Amino acid sequence: MINGAHVIHYSADADADRAFLRDVLGVEGVDAGGGWLILPLPASEVAVHPTDGAPKQELYFMCDDVEAEVAELRAKGLETAPVTDQGWGLLTSLTLPGGGTVGLYQPRHRRAHG
């Protein structure tokens, strides 16, 4: 029985991105040994979308109030992309210190974890 998922984010500055997730987003983790920080995710979902291009993966954090979350992150000095209405939700993105980006959105669709 599958009982979880493990997401790997490859980064040009893994230490800075780990610190960002811990210090800015407030995600507390465990040291899996040798400084490898493993961070828990809230209830998660996976969706499979069709593509005409190469297969890829994306990571989006979800929240109940994207405007409030963006205000909180900006108060911590984080720049975010403008919030856009995508129909299925309100979307922004966050740039990690290592150069990668993650999405942040307020879903309008039914969530897999009620």
Side-chain angles (χ1 to χ4, degrees):
M1 171 193 233
I2 294 173
N3 64 8
H6 184 90
V7 176
I8 299 174
H9 173 76
Y10 291 92
S11 171
D13 192 342
D15 288 335
D17 284 355
R18 289 182 195 121
F20 172 85
L21 291 168
R22 181 189 63 233
D23 301 337
V24 177
L25 297 186
V27 180
E28 292 293 328
V30 297
D31 187 330
W36 287 96
L37 188 62
I38 304 295
L39 304 162
L41 291 174
S44 301
E45 305 172 341
V46 64
V48 180
H49 293 241
T51 182
D52 291 328
K56 65 179 183 175
Q57 292 76 39
E58 298 174 345
L59 175 61
Y60 294 88
F61 292 113
M62 296 186 294
C63 63
D64 292 327
D65 184 342
V66 74
E67 295 290 351
E69 198 70 34
V70 164
E72 207 173 293
L73 293 169
R74 288 182 178 156
K76 294 178 180 180
L78 180 68
E79 298 269 338
T80 65
V83 174
T84 60
D85 187 336
Q86 299 295 310
W88 45 262
L90 301 174
L91 174 68
T92 187
S93 64
L94 318 174
T95 301
L96 301 174
T101 60
V102 295
L104 172 66
Y105 81 103
Q106 176 182 332
R108 289 188 176 131
H109 58 78
R110 185 170 163 223
R111 292 180 65 167
H113 294 275

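All residue numbers refer to positions in the sequence shown, counting from 1. Keep in mind that this is a model prediction, so the values were computed, not measured.
No path of Ile, Leu, Val, Met, Phe, Trp and Tyr side chains, each step under 4.5 Å between heavy atoms, connects Val7 with Ile38, placing them in separate hydrophobic clusters. Under the 4.5 Å side-chain heavy-atom criterion for ILVMFWY residues, no single connected hydrophobic cluster contains both Tyr105 and Leu21. With hydrophobic clusters built from ILVMFWY side chains whose heavy atoms lie under 4.5 angstrom apart, Leu94 shares a cluster with Val66. Linking ILVMFWY residues whenever their side-chain heavy atoms come closer than 4.5 Å, directly or via other members, leaves Tyr60 and Val102 in distinct clusters. Linking ILVMFWY residues whenever their side-chain heavy atoms come closer than 4.5 Å, directly or via other members, places Leu41 and Leu25 in the same cluster.
Looking at Phe20 and Asp13, their side chains never come closer than 4.5 Å, going by heavy atoms from C-beta outward. Considering only heavy atoms from C-beta on, Leu96 comes within 4.5 Å of His9 through its side chain. Annotation: side chain of Glu69 is not in contact with side chain of Asp64 (no heavy-atom distance under 4.5 Å).
Listed here is the closest heavy atom pair of Gly98 and Ala12: O-CB, 3.5 Å. Taking all atoms of both residues into account, the shortest heavy-atom contact from Glu45 to His109 is OE1-CE1, 3.8 Å. Shown here for Arg22 and Leu37, the closest heavy-atom pair between the two residues is NH1-CD2, 4.3 Å. Closest non-hydrogen pair, Gly34 versus Asp31, comes out as N-OD1, 3.8 Å. Val27 and Leu39 make their closest contact through O-CD2, 3.5 Å (heavy atoms, listed as atom of the first residue, atom of the second, distance). Nearest heavy-atom pair across Arg108 and Leu90 is NH2-CD2, 3.5 Å.
Not a single donor-acceptor pair under 3.5 Å links the side chain of Thr84 to the backbone N or O of Gln86. A donor-acceptor distance shorter than 3.5 angstrom exists from the side chain of Thr92 to the backbone of Ala81, with no hydrogens or angles considered. Of the possible donor and acceptor atoms, none in the side chain of Thr101 sits under 3.5 Å from a partner among the backbone N and O of Gly99.
Considering Val83, Leu59, Leu73 in turn, Leu73 is the only one that fulfils the side chain to side chain contact (heavy atoms under 4.5 Å, CB included) rule with Leu104.
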